[in-house]
Amino acid sequence: MDEQHRLITERLEKLERLEELSVDPYPYGFERTHRLAQVHAQGEALIAAEQRVKVAGRIMAKRPHGKLTFAHIEDQDSRLQLFVRKDVLGEDPYAAFKLFDVGDIVGAEGTVVLTKTGELSVMAESVTLLTKSLRPLPEKWHGLQDKELRYRQRYLDLIMSSDVRATFTRRTDVIQTLREVLLAEEFLEVETPVLQPLYGGATARPFTTHHNALDMTLYLRIADELYLKRLVAGGFERVFEFGKDFRNEGIDRTHNPEFTMLECYAAYWDYEDVMGLVQRMFARLAEKFTEDGKLTYGDHVIDFNDGFRRVTFFELLQEHTGVDFQGLAREEVASHAKQLGVEVEDSMGLAKLLDEIFSEKVEPTLIQPTFVCDHPKELSPLAKQHRSHPHLVERFEPFIAGFEVGNAFSELNDPRDQRARFEDQVRLAEAGDDEAQLMDVDYLRALEYGMPPTGGLGVGIDRVAMLFTNSHSIRDVLFFPQMRAEG
RNA sequence: GGGUCUCUAGCUCAUCAGGUAGAGCAACGGACUUUUAAUCCGUAGGUGCUGGGUUCGAGUCCCAGGGGACCCA
């Protein structure tokens, strides 16, 4: 019998002894009067009133001293000491209490007191077992350190670390804040299909699945874009969706195969209007989650007080390489790329080359909030041609701390141009680009009925959550990051 | 895809140079009516990720495989 078995067996034996003492190890509920944080907040008043409280939580520490025991219980957001005395609790209940383990979930009723050392505590008149725990918790001082275990058994990570709980609470607060900004501007929250007969809206490889009854191939969406824009064509003027997207690609500190995206679209807006929205979103986030508009992220201090710097794609390339790439032919760009030490493959088109150079030479430098604007047309098959530069599109990407947190454009709504762009993509696909976008004739049909001029935005929620929780890896803001099958 | 590191008790970590694996916490038994990483006495707990190889002898060296982390592309 292995060690794990022995420790579990011991706890099962205690559970049986408790049942012999008529203690139900898994009762149905507990009427709590105060969360632990409330006890702390109202401490003095509760003591003065000699008020009885009923609190609940998981036993995280137990210090028995013969006829008295100190224990700490922890609930979602706070921790409190229980002061358990045999002469207060009674002989039999104290005997039962001795069988409670660290890890068990209990309720306690009693008055709020200060101990001799001044610690706010509940002087327990009764302690009720609410859930018997069968597995021992990790070491109380170091907690759970093993990252693999933390990701695979997130429940245990959450039990052991209030910081981890706070990170995930913050993630939800970030999402809620963005939702509030959009609702306040009269956007409608909607839902569109995750299972799609054609994938589109981004350059990425999809997950493929099959619907049995319909006997058809379906894809997990890589973006919401084309469906949300159908809704704008349908007359919903401002829509947004928080949704999971799925991309069948590698995993690293900013990529997980499933991730959360916010997309929103506003009729009668162009990309300048969308810039305004992004400014308002981050101003609100900074206001809510920083003291003074300055956010510490790793070694950086991100200053949101002046909003986003606005600069074009080609200006940035020139700034960081000394080369003006505008108007250069593919071969010239390729030779510059080689000189700059950027890996070049024959299959790369002009746009792809520029994108590579940009990723390598420019992106890591974009620490302070920056809008990268006016990308080459070939990189953006769903964005509207720039009103004064035919080779560019009206597009911008907000960058913070060296990574892209979103993507936005004046949406292409000319069905003739959109058809031509899809055809270009199809040619790329035929040439072997497995990320090229697919011709979507139903989407073209929607554009033919007419989609108003529209500004659109996608925001990588996990990355924003990383920023505002100072998390180095996307895995630290996903409850259950993708892992290989357990060895 | 490439490189570096890592996997030892439930957890956190040791084991210098190859010689039958240790500590703390947790657990178990005992003492203890103001502790808070409680203390004190005692006990138990290990396929050393897996599989090969070298060796008289491998947790340790070598090879292959698996999980994980970090960095690079």
Side-chain angles (χ1 to χ4, degrees), chain A residues 1-15 17 58-74 79-91 94 97-104 110 113-124 132-157 159-161 249-256 298 337-338 340-345 348 352 355-361 363-364 402 471-476 480-487:
Chain A
M1 186 173 282
D2 65 28
E3 179 73 4
Q4 182 65 74
H5 266 114
R6 185 178 64 78
L7 292 171
I8 290 178
T9 304
E10 281 170 4
R11 288 189 172 215
L12 281 168
E13 284 166 4
K14 286 192 203 174
L15 187 154
R17 277 192 274 162
R58 189 185 294 271
I59 300 175
M60 294 304 288
K62 202 180 174 194
R63 295 179 294 279
H65 294 256
K67 298 186 181 68
L68 79 157
T69 296
F70 297 95
H72 272 97
I73 61 170
E74 206 168 299
R79 148 189 275 254
L80 181 69
Q81 182 167 262
L82 298 184
F83 186 14
V84 185
R85 281 170 44 171
K86 189 177 186 179
D87 59 356
V88 174
L89 208 62
E91 187 94 20
Y94 194 78
F97 175 71
K98 283 211 249 180
L99 295 170
F100 296 0
D101 288 305
V102 169
D104 289 357
V113 298
L114 287 182
T115 60
K116 197 160 109 183
T117 55
E119 178 161 350
L120 195 74
S121 308
V122 166
M123 173 75 84
K132 186 69 192 155
S133 170
L134 299 181
R135 287 180 181 267
L137 292 180
E139 208 243 340
K140 62 186 171 188
W141 193 241
H142 299 93
L144 188 61
Q145 296 296 322
D146 185 306
K147 284 196 178 184
E148 182 173 0
L149 282 182
R150 290 186 47 218
Y151 297 148
R152 288 193 195 276
Q153 301 183 37
R154 182 68 86 182
Y155 40 87
L156 187 56
D157 190 27
I159 288 170
M160 294 308 295
S161 170
E249 294 170 349
I251 297 175
D252 63 28
R253 80 177 190 92
T254 56
H255 294 87
N256 192 66
K338 280 177 198 156
L340 292 163
V342 176
E343 220 171 285
V344 175
E345 288 168 31
M348 290 175 161
K352 183 90 179 166
D355 196 35
E356 284 295 316
I357 300 168
F358 190 87
S359 299
E360 217 161 302
K361 298 296 170 192
E363 286 187 7
S471 297
H472 177 72
S473 166
I474 194 171
R475 294 184 204 91
D476 294 325
F480 302 103
Q482 192 61 52
M483 302 287 278
R484 282 179 206 277
E486 242 172 299

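Letters A, B, ... are given to chains in the order of the sequence lines, protein chains preceding strands, and every chain is numbered from 1. No experiment lies behind these values; they were computed from the predicted model shown.
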**Message:** In whole Å, measure the gap between the P atoms of C25(B) and G66(B) for me.
**Reply:** 39 Å
**Request:** Would you tell me if any nitrogen or oxygen in the side chain of Arg63(A) comes within less than 4.0 Å of OP1 or OP2 on A38(B)?
**Result:** yes
**Prompt:** Which whole-number value in Å describes the distance from Lys67(A) NZ to C32(B) C1'?
**Reply:** 8 Å
**Item:** Atom-to-atom span, CD of Glu91(A) to P of U33(B) - whole angstrom
**Value:** 13 Å
**Request:** Using the P atoms only, state how far G65(B) lies from G18(B), rounded to an integer number of Å.
**Result:** 26 Å
**Message:** Tell me whether the rings of Phe97(A) and Phe100(A) are parallel (<30°), tilted (30 to 60°) or perpendicular (>60°).
**Reply:** perpendicular
**Request:** Apply side-chain hydrogen bond (donor to acceptor under 3.5 Å, both in side chains) to His142(A) and Glu139(A), showing your working.
**Result:** CA-CA 6 Å; His142(A) 299 93; Glu139(A) 208 243 340; 2.5 Å; yes
Extract from the structure each pairing of a protein N or O with an N or O of nucleotides 28-30 of chain B at less than 3.5 Å, listing the distance.
residue : atom : partner  : partner atom : Å
C28(B)  : OP1  : Lys14(A) : NZ           : 2.3

**Request:** Could I get the full list of salt bridge (Lys or Arg N to Asp or Glu O under 4.0 Å) partners for Asp87(A), not counting sequence neighbours?
**Result:** Arg85(A)
**Request:** Using the C1' atom as the reference point in each nucleotide, state the distance between C56(B) and U15(B) in Å, no decimals.
**Result:** 23 Å
**Item:** Side chain to side chain, Ile251(A) and Arg475(A), heavy atoms closer than 4.5 Å
**Value:** yes
**Identity of whatever pairs with A69(B) - Watson-Crick or G-U, under 3.5 angstrom** = U4(B)
**Asked** How do His142(A) and Glu119(A) order along RNA chain B: which one's closest nucleotide is nearer the 5' end?
**Response** His142(A)
**Fill in**
The answer to which of Lys116(A) and Arg11(A) contacts RNA chain B further toward the 5' end, by nearest nucleotide, is Arg11(A)
**Request:** Would you mind telling me which of A37(B), U33(B), U35(B) lies closest to the side-chain atoms of Trp141(A)?
**Result:** A37(B)
**Message:** Measuring only the C1' atom in each nucleotide, how far is G48(B) from A9(B)? A whole number of Å is fine.
**Reply:** 10 Å
**Whole-angstrom distance between G53(B) and U12(B), as gauged at atom C1'** = 33 Å
**Complete:** What one should report as the nearest heavy-atom pair of Pro136(A) and Leu7(A) is CG-CD1, 3.9 Å
**Side chain to side chain, Leu144(A) and Ser161(A), heavy atoms closer than 4.5 Å** = no
**Request:** Using the C1' atoms only, state how far U55(B) lies from U4(B), rounded to an integer number of Å.
**Result:** 29 Å
**Watson-Crick or G-U wobble mate for U34(B), both contacts under 3.5 Å** = none
**Request:** Check every strand shown and say whether Gly250(A) touches a base, only sugar-phosphate, or nothing at a heavy-atom separation below 4.0 Å.
**Result:** nothing
**Message:** Both distances below 3.5 Å, Watson-Crick or wobble geometry, any strand: find the nucleotide opposite G48(B).
**Reply:** none
**Non-neighbouring partners of Glu343(A) that pass salt bridge (Lys or Arg N to Asp or Glu O under 4.0 Å), sequence neighbours left out** = none
**Asked** For the base of U35(B), is there a side-chain donor-acceptor partner from Gln81(A) under 3.5 Å away?
**Response** yes
**Item:** Any Leu15(A) side-chain heavy atom under 4.5 Å of Leu99(A) side chain
**Value:** no
Do any N or O atoms of the protein come closer than 3.5 Å to N or O atoms of nucleotides 69-73 of chain B, and which pairs are they?
residue : atom : partner   : partner atom : Å
A69(B)  : OP1  : Arg475(A) : NE           : 3.3
C70(B)  : OP2  : Arg475(A) : NH1          : 3.2
C71(B)  : OP1  : His472(A) : NE2          : 3.1
A73(B)  : O2'  : Glu343(A) : OE1          : 3.4

**Item:** Nearest-nucleotide pick for Asp87(A), side chain only, options being U34(B), A38(B), U33(B)
**Value:** U33(B)
**Asked** Between Thr9(A) and Arg6(A), is any pair of side-chain heavy atoms under 4.5 Å apart?
**Response** no
**Request:** Report yes if at least one side-chain N or O of Lys86(A) is closer than 4.0 Å to OP1 or OP2 of U33(B); otherwise report no.
**Result:** no
**Asked** Quick one: is Arg85(A) getting a side-chain N or O under 4.0 Å of the U33(B) phosphate, OP1 or OP2?
**Response** no
**Prompt:** What is the distance, rounded to the nearest whole Å, between atom CG of Leu149(A) and atom C1' of C49(B)?
**Reply:** 13 Å
**Message:** Rounded to whole Å, how long is the line connecting atom CD of Glu139(A) with atom P of C13(B)?
**Reply:** 9 Å
**Item:** Aromatic plane relationship, His65(A) with Phe70(A) - under 30° parallel, 30 to 60° tilted, over 60° perpendicular
**Value:** perpendicular
**Prompt:** Over how many whole Å does the gap from Met60(A) atom CE to C25(B) atom C1' extend?
**Reply:** 13 Å
**Fill in**
Ranking U34(B), G67(B), G24(B) by distance to the side chain of Arg152(A), first place goes to G67(B)
**Whole-Å distance separating the CG atom of Leu144(A) from the P atom of A26(B)** = 17 Å
**Prompt:** Among A38(B), C11(B), U34(B), which nucleotide sits nearest the side chain of His65(A)?
**Reply:** A38(B)
**Request:** Name all residues meeting the salt bridge (Lys or Arg N to Asp or Glu O under 4.0 Å) criterion together with Asp476(A); count only those two or more places apart in sequence or in a different chain, and write none if there are none.
**Result:** none
**Message:** Tell me which nucleotide, if any, is Watson-Crick or G-U wobble paired with C11(B) when both distances must be under 3.5 Å.
**Reply:** G24(B)
**Asked** Which part of the nucleic acid, if any, lies within reach of Asp146(A) when heavy atoms closer than 4.0 Å are counted: base, sugar-phosphate only, or nothing?
**Response** sugar-phosphate
**All pairs passing salt bridge (charged side-chain N to carboxylate O under 4.0 Å, His left out) where residues 58-74 of chain A contributes a residue, at least two apart** = Glu74(A)-Arg79(A), Glu74(A)-Arg165(A)
**Item:** Gap between atoms CG and C1', on Leu137(A) and U12(B) respectively (whole Å)
**Value:** 14 Å
**Request:** Using the P atoms only, state how far A44(B) lies from U54(B), rounded to an integer number of Å.
**Result:** 38 Å
**Item:** P spacing across the pair C32(B) / A14(B), given as an integer number of angstrom
**Value:** 39 Å
**Prompt:** Rounded to whole angstrom units, what separation is found between the CZ atom of Arg484(A) and the C1' atom of G65(B)?
**Reply:** 13 Å
